Structure formats: structure tokens, C-alpha cells
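Working notes, beginning with the structure itself.
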Amino acid sequence: MIKFSNLPCEIEGQKKELKHWLLKVVESEGFILGDVLYFFLNDEQLLKVNMQFLNHDTYTDIITFDYDDGNIVNGEIYISEDRIRDNSKQMDVLLQDEMLRVIVHGVLHLCGYKDKTDLDAAVMRQKEDDYILFYKNLNNYKSN
């Protein structure tokens, strides 16, 4: 089961589509969907989480807590709306595309993908791109 807390207004109306998409992502990676909880926060709220649980005094766009049990995907994903908005502007990409990227990024972490090395990050980025395209095709989504 996937649950969203404080889903940004830009994608609030897409809950059903997002849940279906993320289920398909998990299944296509060879896993079973357990419980995945998304929390959308601001920079300061996510900074507190980062400091409290990871001892990192830095802003970030996402923190993923992996509670996987074998091949069952379980976890909590904390996302900063502020970082997504800034990243969207800095990278000159649509806000919704950046939101989709970060949302699927968290699930990919829960499926075992890492992004600490250049090679791992490149694999992760390609997976994100592929799954964003899959989302758009699945929902007949048109970028402006």
C-alpha cells in the first residue's frame, strides 16, 4: 500500500495514477509492494529529519528509510518540496517531471538501487528516466 502525506497541489489530483505507477515500478523490479509512506515537507522540516536520524546538517531533496523484508518493499520516503522546486528551476525541467523523478527515486532506493558512485548514479538516473516515460505513457501525459 502506498500512502501520501501532504502531496503537493501540482500532483494532488494524480494520487490514483501515482499509486498504480509505483506498484508497477516495484513489480517490474521483481519485488512485492508492502507499505511505502511518502511525506512531503519543507526544507526546514526535512533538515530536522536529516540531522536527527542521519547526523547530516545539510539540505536534501529526499531521505529514504528502507524497512524491506526480503522481496517485500517497505519504507518511508521524506521529500522536500522546496528542493524539488529549486532543482526544477536550476535544471530547467518541468516541476511535475522533477516531482516524478524524486518520487520514483525513493522507490528505486527501496528496490536496492544506490547512487553514491558515479556508475550507480548513472544507473539510477536511467531508471528514473525510463520510469518517468512509463508514467507519461501510462497516463497519456503531455509535457508543455
Side-chain angles (χ1 to χ4, degrees), residues 1-43 45-47 49-50 52-56 58-144:
M1 163 183 54
I2 295 172
K3 288 188 177 181
F4 296 104
S5 175
N6 300 324
L7 197 61
C9 62
E10 292 84 1
I11 56 175
E12 174 66 36
Q14 299 174 45
K15 269 187 194 177
K16 182 179 175 183
E17 293 86 352
L18 290 167
K19 289 178 180 183
H20 178 71
W21 172 55
L22 293 168
L23 171 64
K24 294 297 183 189
V25 169
V26 168
E27 290 175 345
S28 70
E29 291 296 330
F31 292 90
I32 297 167
L33 180 64
D35 293 319
V36 177
L37 309 174
Y38 281 88
F39 299 92
F40 288 84
L41 310 171
N42 64 36
D43 270 348
Q45 292 167 320
L46 193 56
L47 178 61
V49 172
N50 209 6
Q52 180 179 357
F53 294 100
L54 302 175
N55 292 321
H56 297 161
T58 57
Y59 291 109
T60 186
D61 55 356
I62 186 169
I63 297 173
T64 305
F65 293 101
D66 187 348
Y67 307 134
D68 289 354
D69 182 17
N71 69 333
I72 301 174
V73 171
N74 293 293
E76 294 179 354
I77 299 169
Y78 294 80
I79 296 174
S80 169
E81 278 188 71
D82 296 332
R83 289 297 94 228
I84 291 174
R85 291 179 196 292
D86 287 351
N87 291 346
S88 169
K89 289 175 188 171
Q90 288 177 5
M91 294 184 288
D92 195 28
V93 298
L94 293 174
L95 178 58
Q96 179 160 339
D97 288 355
E98 186 60 15
M99 285 188 182
L100 292 173
R101 179 175 308 286
V102 177
I103 289 169
V104 78
H105 184 92
V107 163
L108 289 171
H109 274 309
L110 296 179
C111 291
Y113 290 92
K114 308 292 182 209
D115 58 1
K116 295 297 181 195
T117 69
D118 289 344
L119 179 57
D120 287 345
V123 169
M124 176 80 87
R125 181 56 70 141
Q126 186 60 57
K127 287 278 185 182
E128 293 166 1
D129 289 343
D130 292 345
Y131 284 125
I132 290 169
L133 182 59
F134 175 67
Y135 178 83
K136 290 178 178 183
N137 289 334
L138 192 65
N139 296 294
N140 296 315
Y141 172 81
K142 307 256 187 291
S143 296
N144 295 330

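Bear in mind the structure is a predicted one, so any value in this text is a computation, not a measurement.
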Practice task
Take L18 and F4 through the side-chain contact (heavy atoms from CB on, under 4.5 Å) test and state the conclusion after the steps.
Solution key: CA-CA 10 Å; L18 290 167; F4 296 104; 3.9 Å; yes

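- Ring geometry, H105 versus H109: the interplanar angle exceeds 60°, so the pair is classed perpendicular (tilted spans 30 to 60°).
- A ring-centre distance under 6.0 Å is found for Y78 and F65.
- At a threshold of 4.5 Å between non-hydrogen side-chain atoms, the residues E98 and M91 count as touching.
- More than 12 heavy atoms of other residues, nucleotides or ligands sit less than 6.0 Å from atom NZ of K19.
- Closest non-hydrogen pair, I63 versus L46, comes out as CD1-CD1, 3.7 Å.
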Exercise for the section: Could you give me the CA-CA distance, side-chain angles and deciding distance for L7 and K15, then say whether side-chain contact (heavy atoms from CB on, under 4.5 Å) is met? Expected result: CA-CA 8 Å; L7 197 61; K15 269 187 194 177; 3.5 Å; yes

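- Residues N87 and V93 have side chains not in contact (no heavy-atom distance under 4.5 Å, counting atoms from C-beta outward).
- Remark: R101 engages D129 in a salt bridge, criterion side-chain N to carboxylate O under 4.0 Å.
- The pair K127-E29 meets the salt-bridge criterion, since a charged nitrogen lies less than 4.0 angstrom from a carboxylate oxygen.
- Note on R125 versus D115: no salt bridge recorded, every NZ/NE/NH1/NH2 to OD/OE distance being 4.0 Å or above.
- The backbone N or O of D35 sits less than 3.5 Å from a side-chain atom of N74, completing a donor-acceptor pair.
- Looking at heavy atoms from C-beta onward, I32 lies out of side-chain contact with V73 at the 4.5 angstrom threshold.
- A distance-only check finds no donor-acceptor pair linking the side chain of S5 to the backbone of Y38 [under 3.5 Å].
- Inspection of the S80 and D43 side chains reveals an N or O donor paired with an N or O acceptor under 3.5 Å.
- Between the side chain of D68 and the main chain of G70, no donor-acceptor pair closer than 3.5 Å is present.
- With contacts defined as side-chain heavy-atom distances shorter than 4.5 Å, the pair W21/V104 qualifies.
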Exercise for the section: Take N50 and T60, measure what side-chain hydrogen bond (donor to acceptor under 3.5 Å, both in side chains) needs, and give me the verdict at the end. Expected result: CA-CA 8 Å; N50 209 6; T60 186; 5.3 Å; no

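- Counting only N and O atoms by type, the side chains of S28 and Y131 include a donor and acceptor under 3.5 Å apart.
- Checked by atom type, the side-chain pair Q96/Y135 shows no donor-acceptor distance below 3.5 Å.
- For D86 and R83, the salt-bridge test passes: some basic side-chain N is under 4.0 Å from an acidic carboxylate O.
- No side-chain heavy atom of F39 sits less than 4.5 Å from a side-chain heavy atom of I77.
- Using a 4.5 Å cut-off on side-chain heavy atoms (C-beta onward), S88 and L94 make no contact.
- Within the 3.5 Å criterion, the main-chain N or O of N42 finds a donor-acceptor partner in the side chain of Q45.
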